[in-house]
Amino acid sequence: MLFEYSIIAGILLGLFYALMAMGLNLVFGVQRIINLAHGDMVMLGGFGAWELYYGYHLNPVLAIVVMVPITVVVGYGLYYLLIPRLKSAVDFETLSLVLFFGVSQVVEALSALGFGNNERSLPVTSIPSQPVHLFGQFYPADWWVAAGVALPLLGIFFLYLYRTRLGRETRAVMADEHEAVSVGIDAGRVSAISFGVGLALAAAAGVLAVFVFGGVDPSEGVSITITAFAIIVFGSLGNPLGTVVGSILFGVAYQLAQVYTPSWSNLVPYILVIGTMLLRPQGLFGRRTRVA
Amino acid sequence: MLESRSVEKPAAGVFRRKTLLLDLLAVAVPVVGFAFGINIFANELLLVYMMVYVALAHGINISYGFTGYLPFGYFGFFGAGAYGATLAILDLHVPALIGMLFGGVAGVLFGLLLLPLFRLRGAYFAIATLAAGEAIADIVANPSLQSVTNGPYGENLASVYSSGQIYVAALVFMALALLAVVLVKNSRFGLALRAIKESEYSAAMAGVNVVRMRSLAWVIAAAIAGVGGAIFGWATTVFYPSAVFDSAISVFAIVFALFGGTGSVWGPTLGTVLLYGLYSAVGLSSPQYFQLIYGLAIVVLVLFAPRGLVGFGRAAGRMISLRRAGANG
Amino acid sequence: MADEILRLEGISKHFGGLHALQEVSFSVVGGEALGLVGPNGSGKTTLINVVCGLYTPNSGSIYLEGTKLGKMNPHRLARAGINRTFQVPQPFGSLTVRENIEIALSHRSGEGMSLDDILDFVNLGKWAGQEAGSLNAAQQKRLDLGRALALNPKVLFVDELGAGLNPVELAEVAVMLRSLLSGGRALVVVEHLMGFLDKLVDRVIVLNAGREIFHGALRSALDDDEVKRVFLGTVGA
């Protein structure tokens, strides 16, 4: 019984994790940058939803609609502010990592100063809150809402990536930036937009995270980044579909750990990321991205 | 490894002796400064923390400055050292000073455990160590291990507190860490590390045992963090897991090292004394402001001055000598 | 016949579905310069990478002076006497020219050229105190060669040392390389420039798509139909 519960809960949360990790993978795929401030963007999404709910009585799900375009624009600008200067550096990969480590610290500090150090949560009544009964188990309503919102958002993202001109250009840059440039694609613009889209996905996930994690606080960024990174490495870096499958498997593994060894379940993402890197560095769907 | 061959021309030898002298001064000045500083500036705990951070910044220096591998999870070694020392003191009843060595051993053991991560390239390595640091923090603070580590409730070393011993231990520790950097920098070992950083495979083709050299540097960095954590714990007396397994420790050490300039003996020391001094002078009441300032410092350093203060100094020196050459010629 | 230095038997290397090397065999004796020829992507550099320990072959064996080499790290092979230069030179850019060579010298066990001999030989004495990264491409290639020589290799793979040089420089490099053959050293020279090879090597191996398609004297290689087809295909393009 508990096993079935873990599987279903894992799939529901897996869809949420997919949304949470997708932006990180997109940014990595396009620019070969690991955005260590990704988790902080998730956190900001949560605070955004909180402010919009208490300031303007905006339903959290609708808050996503408001925040996505804003985040895309902010990300677009941030890209041009930070990245071009760095592109010429010898040690681009490590330096960009350090850079975003710094950005992450700035965002975390500003959030703590602006929103305070305490965890904030949204009332469950802001979304449908009746627990769902299935196969003799009760599942919290917010899990269904999270999955129900994440699924269409992921669908829209995949349509964007596979059915639009911009998405096609994005995939071209992901495959080979030099080739893409040589066929006339403006790789800088594509990277900037992808950075914005990546942040927007994170912010959207952040709104749902307020419910799934039971609240939002300024220091949650690092562990979210590591979890998201664990998922995208596991599902293969640069492979968006791999992120979805990886997320669901991670969700199930995490739920099983929660049910059977609750006090150790927080180790799951750490074990996953280190284990994958060491044992199968190319991840589940082995795209040729070198980590070693 | 260090067999001396008299292959260098005299001019180069003089030049090398001069840098070695400067490097040794970079050990002597801070050691003397801290030895007498306590008479001028009475906040002993602050000076101990500062010495620990000087050493940590040099641990980052050895790992990142010389080999190019940046351990974001450096705090994991620090915490492992604090707990290793504490358990040795409280459970094995070793004297506190010996306990500090156990801290180093704990750091090294954790470092050895992570050696396989060197199969990863730089950026992945950095994140993998971060995950490892978070993991060991979770394990130590886990309520299931309360009988061993006291879980989330922390440790208490009040029974062995001795301000004099702590100060001397920190001073000796910092001196050793600085000496280690001087040795690394001026030996064939250091040359090999710099070669590996430039091109691992070329280094191997030059006969350098890449795995062994890199592991050795890693173990030195791990030992520094371990002893540093141990002394920090001893000086702090009562600490929770979140205080010694704090990612801010990595942030501080990395910022201090980058700000001063890696690959040198002066840089990380200057960076620590200036920035940690500032941090303490303005007051610890709202650490967020420092997180903010240090975060911005990282961004600005990476974008505008990846070689740090020492880089500025060198560039200025080069400009001056160029001007002189121009004036003379 | 001189002593055999290096022998490859049936070396194959795959990357996923790509057969980079298929059943390549040859040997080279002391004092001999062997040419390794083939269009881009034919497996020449992969072959060097396999012999120098960067890649483990999927099958086949390598013998150094008659002793079979197991799986060995590159640095052990380098110390044992197998070395190479790089097509794209890879000096330690932030180290001085002198330090670049000293690193290798410090791992040599037997006798050999001194630091000054090497600097003179590769004509970098004037730049000894300069950072290697500030050298031009031709100088960096010579530094690569100097670094390899420091370990006194028994067999040296020279990967396109001639590329980008003018005819006078090429003639100098050919003389320089020939002088390395004294003392029983073997050279394997990867090169596109036939005129250059003609001055240097006694026989050539021609690779195409990872397979050996010719083995023999350079002159007869140029008359070989398959070699002509392969090369006209690339030279014409």
Side-chain angles (χ1 to χ4, degrees), chain B residues 1-16 18-19 64-68 118-119 185-216 261-264 306-307 310-311 314-315 318 321-322, chain C residues 48-49 52-55 72-86 88-109 112-119 125 128-129 131-133 140 143-144 146-153 156-157:
Chain B
M1 178 175 67
L2 303 178
E3 73 257 63
S4 64
R5 271 166 212 272
S6 54
V7 282
E8 39 194 61
K9 292 179 176 171
V14 170
F15 175 69
R16 278 182 198 180
K18 216 167 135 190
T19 36
Y64 181 59
F66 287 95
T67 61
F118 274 110
R119 278 164 43 194
K185 184 164 172 265
N186 292 284
S187 64
R188 297 226 181 267
F189 173 50
L191 205 56
L193 290 180
R194 286 163 60 204
I196 293 168
K197 186 182 176 186
E198 296 268 346
S199 166
E200 213 175 284
Y201 184 51
S202 277
M205 291 318 293
V208 173
N209 187 338
V210 175
V211 175
R212 185 190 294 169
M213 295 293 138
R214 210 163 44 190
S215 308
L216 195 54
T262 53
S264 84
R307 287 179 183 217
V310 172
R314 279 195 199 126
R318 226 172 286 147
S321 60
L322 273 179
Chain C
I48 301 181
N49 286 337
C52 292
L54 183 61
Y55 303 146
M72 269 164 92
N73 288 327
H75 74 270
R76 301 230 358 243
L77 292 166
R79 291 179 191 180
I82 299 177
N83 221 308
R84 68 173 300 177
T85 68
F86 293 91
V88 178
Q90 294 190 14
F92 311 121
S94 72
L95 273 56
T96 64
V97 168
R98 182 185 288 115
E99 287 173 329
N100 265 267
I101 293 173
E102 278 178 351
I103 286 184
L105 275 176
S106 68
H107 294 104
R108 185 176 69 203
S109 45
M113 294 163 86
S114 71
L115 175 69
D116 288 336
D117 291 347
I118 293 170
L119 285 172
E131 281 189 7
Q140 290 193 357
L143 179 56
D144 248 16
R147 190 216 62 225
L149 288 176
L151 282 164
N152 199 12
L156 177 61
F157 287 79

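Labels below follow one simple rule: chain letters A, B, ... track the order of the sequence lines, proteins then strands, and each chain is numbered from 1. Heavy-atom basis, side chains included; hydrogens, waters and symmetry copies ignored. Because the structure is a prediction, the values reported are computed rather than measured.
Using a 4.5 Å cut-off between heavy atoms, Arg84(C) contacts chain B through both its backbone and its side chain. Residue contact with chain B, scored on non-hydrogen atoms closer than 4.5 Å, is absent for Asn73(C). Neither the backbone nor the side chain of Leu77(C) comes within less than 4.5 Å of any heavy atom in chain B.
Under a 3.5 Å cut-off, the side chain of Lys197(B) and the backbone N or O of Phe92(C) do not form any donor-acceptor pair. Judged by distance alone, the side chain of Asp144(C) and the main-chain N or O of Thr85(C) form no donor-acceptor pair under 3.5 Å.
For chain B, the option among Thr96(C), Ile82(C), Leu95(C), Ile101(C) with the highest count of heavy-atom pairs below 4.5 Å is Leu95(C). No other option in Ser94(C), Gly53(C), Gly129(C), Pro153(C) has as many heavy-atom pairs under 4.5 Å with chain B as Ser94(C). Top candidate by heavy-atom pairs under 4.5 Å with chain C, chosen from Gly263(B), Ala206(B), Ala192(B), is Ala206(B).
Put simply, the side chain of Leu105(C) reaches to within 4.5 Å of the side chain of Arg108(C), judged on heavy atoms.
Ala132(C) meets the side-chain contact (heavy atoms from CB on, under 4.5 Å) test with Pro91(C), Asn100(C), Leu143(C); sequence neighbours excluded. Shown here are the side-chain contact (heavy atoms from CB on, under 4.5 Å) partners of Leu54(C), two or more places apart in sequence or in another chain: Tyr201(B), Asn49(C).
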